[in-house]
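Below is one structure, written out as structure tokens; the observations come after it.
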Amino acid sequence: MNYDFKTIEAKWQEHWEDNKSFKVERDSSKKKYYLLEMFPYPSGRIHMGHVRNYGIGDAVARFMRMKGFNVLHPIGWDAFGLPAENAAIQNKTHPAQWTEENISSMQMQLRSLGFSYDWDREIATCRPEYYRWNQWCFLQFYEKGLVYRKKSQVNWCEACNTVLANEQVVDGCCWRCDGEVEDRFQEGWFLKITDYADRLLEGCKTLSGKWPDKVLAMQSNWIGKSYGAEVDFQVKGKDEAIKVFTTRPDTLYGATFMVLAPEHPLTLELSRGTDQETAVDEFISKVKQEDKVSRTSETGEKEGVFTGAYAVNPLTGEDVPVWSANFVLMDYGTGAIMSVPAHDQRDLDFARKYNLLVRVVIEPAEGSLDAATMTEAFSSDGTMARSGSFDGLRGDAARRKVCEFLEDKKIGKATVNFRLRDWGVSRQRYWGTPIPIVHCDDCGLVPVPQDQLPVQLPLDVELGDRGRSPLTTLAEFYEAQCPACGKSARRETDTLDTFVCSSWYFDRFTSAQNDQFAFDKDDVDYWMPVDQYVGGIEHAILHLLYSRFFHLVFHDLGLVKSEEPFEHLLTQGMVIKDGAKMSKSKGNVIDPDEIIQNYGADTARLFILFAAPPAKDLEWSSQGVEGCYRFLKRVWRIFDDFANEIRSAGSVSQGYEADTKELSELRRMTHVTIRRVTDDIQVRMQFNTAVSAIMELVNHLYAFRDGWTSQETKSNEAIAVVRESFDTLILLLSPFAPHVAEEMWSLLGHETSLVEVEWPVFNESLTRTEELLIVVQVNGKVRQRITVSASASQEDIKSQALGDAKIEEQTKGKEIKKVIVVPGKLVNIVVK
RNA sequence: GCCGGGAUGGUGAAAUUGGUAAACACGCAGGACUUAAAAUCCUGUGGCCGUAAGGCCUUACGGGUUCGAUUCCCGUUCCCGGUACCA
């Protein structure tokens, strides 16, 4: 019988579907396990990255199910977003239609891969049943004071015609379309993620060891906490102070000038009435013309202009000139800095260029600095000098003392600054969740009452006017009554960033069909947190930070017990071909469907798990796929050889001693393989080595077969041992190649599907051998291999090693200084 | 620059607590089966020297610790990812 993967896979997919094999319910009598993979955007086709992501997840889900856990393994669709809108304009369809069609075809593909999802929990974020609760979340945040509206400099993507959050700007370009991002001044909605900066950072510590260090480091850097001080510099001749943030209050005596960001309101104000007026105007307009990328690149020339004004250094009492320069950013700190050229490279470069005063106030432990000639700023810790009564203080202590002084004098204070900005969630596009707010001339911003949710996204819109969001042109949508006073009012026409949808979908999965709540308290507290989350590294900051933020807020609102949504995180590497990420433009895309057609889902899944450890990039290899296909055929053939003979065998009786060496070796191999595969999946999450171990067992069965078939009489016990091996092989293979495993399992006469079978347990005593191979080294070099009885004492091993002919030859005439015996491993003889 | 991760055969990789480097697979070579091919099965396969027995070398590079280092420590080079006039 040939390995007919097409028939087998279709058969079992149908079986799982008809029986709802992977449907789960909350059951407090069972230990839960929530396995989640990042849900896909319904682009239309599954790609290899998905196969990898979901292949890894499914292996773990199936394994944990067999280990007896109540496993929640859901799937859904991150279905709002720009591609639908753009595709709809191009193909003259509707985003809803385009999206739903894509969902259907991708569902088919996921089914054809045999993933073990609870399909009853499937969600799509673009459906009112979902986005209704998205609006509800927004209002929860609103009521808690975590939502506000402000006019600000925003990142505008011209190509996408919308605003982007800071996290969505990559190297000055749009994360989605790669188009250039420009600054715009615009009003929009923000979520106060900065209120949670400290707790999000603290959380990184508790996740250490459970999330990849890399992701935690990226998040910590993104949050960017820095300790320092805020100091007020009085403007000379005006009742106005310039507030600066510095991480080096110990260098305050060396602040010889100040620099404002060009956008800083005081830049313009201070120059008025001075002879620098026109110079400042020209400078500001020049900087405005520069694009964001070159403005913020480090290699860019530092340029500035004197504002004509002076401020007073609060510690030295000196007048210091106030400049404005392109390298000071309005959106970090206070948008103004004190410049200490001797101890900051940028300040020094600027001072040299414009001939400003340099004063050394921190002395290094070794050598000395010459303010007149130095070209490299000394920015490490050192001893304070030329700093009045602070002279001699160092490092943190120095900074603390200066801060205390500033607080005493009420001219500054120790403070903490974050790099993290609030999350702008307004999008000027159609295909997203309508923001449930009404603008009333009398009442101001009025939230839509919960019983009026969802604010439906109208489907009868004209798309294609690329300048504006369609909602702003649709009177039936934006004309509304004020929920508070009943007067006619205007509905908000911005939609929510789609990252809002994905910030809590894992909670929704716990009560996917509930139409009373976003999620049921008992459900969410039973299932959450996600025990294992699997997804791409590209969401290290975006989705993973937003989700943590949402979950903390939910926690504070008493909606969920846990604080962190994802207990363990695995970020899988990319699938690459010819050294590059698969992409249409490079023409190196392998279509999963084609692989499934030619080799089957089991082969596709096996290859993708076998070819590389999960966290590493995986180089696609058609020969490697061929190899995995060959392996499954090899499994099938040896199974076919034995199936009839072992089908009616019983189990091996307890205390059975194998009649032959071959049988006891097969038994040992079987139990060793259980141990290896279990450990690889459960502890190490290393599926490539798990598959290798199974391959070794199969190789062993082939070697075993030759002796077996020539044997004339076989005891029932002997047949039972062989059966045990095949049962085990099938079970161990089942998380990786579930279809062929199910088929073989049923061919052996088992009546239950593997879904209900327990993971095999190894017997430690059966994994031991009677003889051990010991390596004998002389001076650390392997010279001989000897076999010793497993019960041999260290002394026995030592004398057997020393008595070996070859070792005697190696040690002849030399003095034996030391003999090291590592039980079960090696003997090292040190000679001179 | 800073942060994180890497570098092992012809290739993907393995070595779990410092203990036989290269498991498993691909590729390649040889053999069996076959009229032949495919498929399949078996054997070999890090490099150098040697007919062989065997020896020497080998985990990016240079040091160190240790009886023993792919693994730990110090330094260097290169590669990948993130981030960056962040005050």
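Owing to the predicted nature of the structure, the values given are computational and were not obtained by experimental measurement. Below, read A as the first sequence line, B as the second, and so on, with proteins coming before strands; counting in each chain starts at 1.
- The partner of B:U51 is absent, by the rule that a Watson-Crick or G-U pair needs both atom distances under 3.5 Å.
- B:C2 is paired with B:G82 under the Watson-Crick or G-U wobble criterion, all donor-acceptor distances under 3.5 Å.
- Remark: A:Arg419 is in phosphate contact with B:A84, judged by side-chain N or O atoms under 4.0 Å from OP1 or OP2.
- Taking atom P on both nucleotides, B:G6 is separated from B:A39 by 39 Å, rounded to a whole Å.
- Every pair passing salt bridge (charged side-chain N to carboxylate O under 4.0 Å, His left out) that includes a residue from residues 669-681 of chain A is listed here, sequence neighbours excluded: A:Arg675-A:Glu764, A:Arg676-A:Glu696, A:Asp680-A:Arg684.
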Can you pull every protein N or O that's under 3.5 Å from an N or O on nucleotides 55-57 of chain B?
| from | atom 1 | to | atom 2 | distance (Å) |
| --- | --- | --- | --- | --- |
| B:C56 | OP1 | A:Arg783 | NH2 | 3.3 |
| B:C56 | OP2 | A:Arg783 | NH1 | 3.1 |
| B:C57 | OP2 | A:Lys781 | NZ | 3.0 |

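- Under the rule for a side chain to side chain donor-acceptor pair (under 3.5 Å), the partners of A:Asp602 that lie at least two apart in sequence or sit in another chain are A:His739.
- Between B:U40 and A:Arg705, no contact under 4.0 Å exists linking OP1 or OP2 to a side-chain N or O.
- Of the candidates A:Leu348, A:Val340, A:Asp347, A:Thr256, A:Val358 forms a side chain to side chain contact (heavy atoms under 4.5 Å, CB included) with just one, namely A:Leu348.
- Scored by the side chain to side chain contact (heavy atoms under 4.5 Å, CB included) test, A:Glu665 finds A:Arg668, A:His700 as partners (sequence neighbours excluded).
- Base pairing analysis places B:A69 opposite nothing; no Watson-Crick or G-U wobble pair with both distances below 3.5 Å involves it.
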Under a 4.0 Å heavy-atom criterion, the protein footprint on nucleotides 13-24 of chain B, written with B, S and -, is SSSB--BB--BB
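- In this structure, the CG atom of A:Leu260 is 17 Å from the P atom of B:C86, given to the nearest Å.
- The side chain of A:Arg346 places an N or O atom within less than 4.0 Å of a non-bridging phosphate oxygen (OP1 or OP2) of B:C86.
- Nucleotides B:A25 and B:A14 have their P atoms positioned 15 Å apart, rounded to a whole Å.
- Proximity of residues 248-257 of chain A to RNA chain B (heavy atom under 4.0 angstrom from any strand atom) is not detected for any residue.
- Ionic pairing of A:Arg637 and A:Asp640 is not present here: no N-O contact between side-chain nitrogen and carboxylate oxygen is shorter than 4.0 angstrom.
- In this structure, A:Phe631 atom CZ and B:G27 atom C1' are separated by 19 Å, rounded to whole Å.
- A:Trp222 has its CH2 atom 18 Å from the P atom of B:G81, to the nearest Å.
- Glycosidic conformation of B:G44 is anti; the angle lies outside 90° of 0.
- Residues satisfying the ring-ring contact (aromatic ring centres under 6.0 Å, His included) test with A:Tyr546, not counting sequence neighbours, are A:Trp423, A:Phe499.
- Taking the six-membered ring for Trp and thresholds of 30 and 60 degrees, A:His539 and A:His543 have ring planes more than 60 degrees apart, a perpendicular arrangement.
- Remark: B:A32 base-pairs with B:U40; criterion is Watson-Crick or G-U wobble with both hydrogen-bond distances under 3.5 Å.
- Rounded to the nearest Å, the gap between the P atom of B:G75 and that of B:A29 is 48 Å.
- Using N1 to N3 plus N6-O4 or O6-N4 for Watson-Crick, or N1-O2 and O6-N3 for G-U wobble, each under 3.5 Å, B:U45 pairs with B:G27.
- The CZ-C1' distance, from A:Phe607 to B:A25, rounds to 10 Å in whole Å.
- Look at CG on A:Asp640: it is 13 Å from P on B:C41, rounded to the nearest Å.
- Sorted by first and then second residue, the pairs that involve residues 621-631 of chain A and meet side chain to side chain donor-acceptor pair (under 3.5 Å), not counting sequence neighbours, are A:Tyr599-A:Glu626.
- Nucleotide B:U83 holds its P atom 16 Å from the CG atom of A:Leu216, rounded to whole Å.
- Base pairing annotation: B:G9 forms no Watson-Crick or G-U wobble pair, as no partner gives both donor-acceptor distances under 3.5 Å.
- To the nearest angstrom, C1' of B:U11 lies 14 Å from CG of A:Asp578.
- B:G62 is paired with B:C74 under the criterion used here, namely a Watson-Crick or G-U wobble arrangement in which both key atom distances are under 3.5 Å.
- On the P atoms, B:C78 is 28 Å away from B:A87, given to the nearest whole Å.
- A gap of 10 Å separates the C1' atoms of B:G62 and B:U77, to the nearest Å.
- Using bins of under 30°, 30° to 60° and over 60° for the plane-to-plane angle, the ring pair A:Trp323/A:Tyr354 lands in the tilted bin.
- The pairing partner recorded for B:A22 is none, the criterion being a Watson-Crick or G-U wobble arrangement whose two distances lie under 3.5 angstrom.
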Indicate every side-chain donor-acceptor pair of residues 223-230 of chain A with a distance under 3.5 Å to a residue at least two apart or in another chain.
| from | atom 1 | to | atom 2 | distance (Å) |
| --- | --- | --- | --- | --- |
| A:Lys225 | NZ | A:Asp198 | OD1 | 2.6 |
| A:Lys225 | NZ | A:Tyr227 | OH | 3.2 |
| A:Ser226 | OG | A:Tyr332 | OH | 3.2 |

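- Looking at A:Asn699 and A:Arg634, their side chains do bring a donor and an acceptor atom within 3.5 Å of each other.
- Spacing of C1' atoms, B:G18 relative to B:C72, comes out at 8 Å, to the nearest Å.
- For the pair A:Lys818 and B:C67, the criterion of a side-chain N or O lying under 4.0 Å from OP1 or OP2 is met.
- For residues 820-832 of chain A, there are no salt bridge (charged side-chain N to carboxylate O under 4.0 Å, His left out) pairs, not counting sequence neighbours.
- Comparing the same atom, P, in B:G44 and in B:C26 gives a spacing of 15 Å after rounding to whole Å.
- Residues meeting the salt bridge (Lys or Arg N to Asp or Glu O under 4.0 Å) test with A:Arg548, sequence neighbours left out: A:Glu564.
- Closest-nucleotide positions on RNA chain B for A:Gly624 and A:Asn779 were compared, and the one nearer the 5' end corresponds to A:Gly624.
- Of the two residues contacting RNA chain B, namely A:Ile541 and A:Thr247, the nearest-nucleotide position lying further toward the 5' end is that of A:Ile541.
- Across B:C74 and B:C67, the matching C1' atoms stand 23 Å from one another, rounded to whole Å.
- A search for salt bridge (Lys or Arg N to Asp or Glu O under 4.0 Å) contacts involving A:Lys210 returns A:Glu567, not counting sequence neighbours.
- B:C80 atom P lies 13 Å from atom NZ of A:Lys214, rounded to whole Å.
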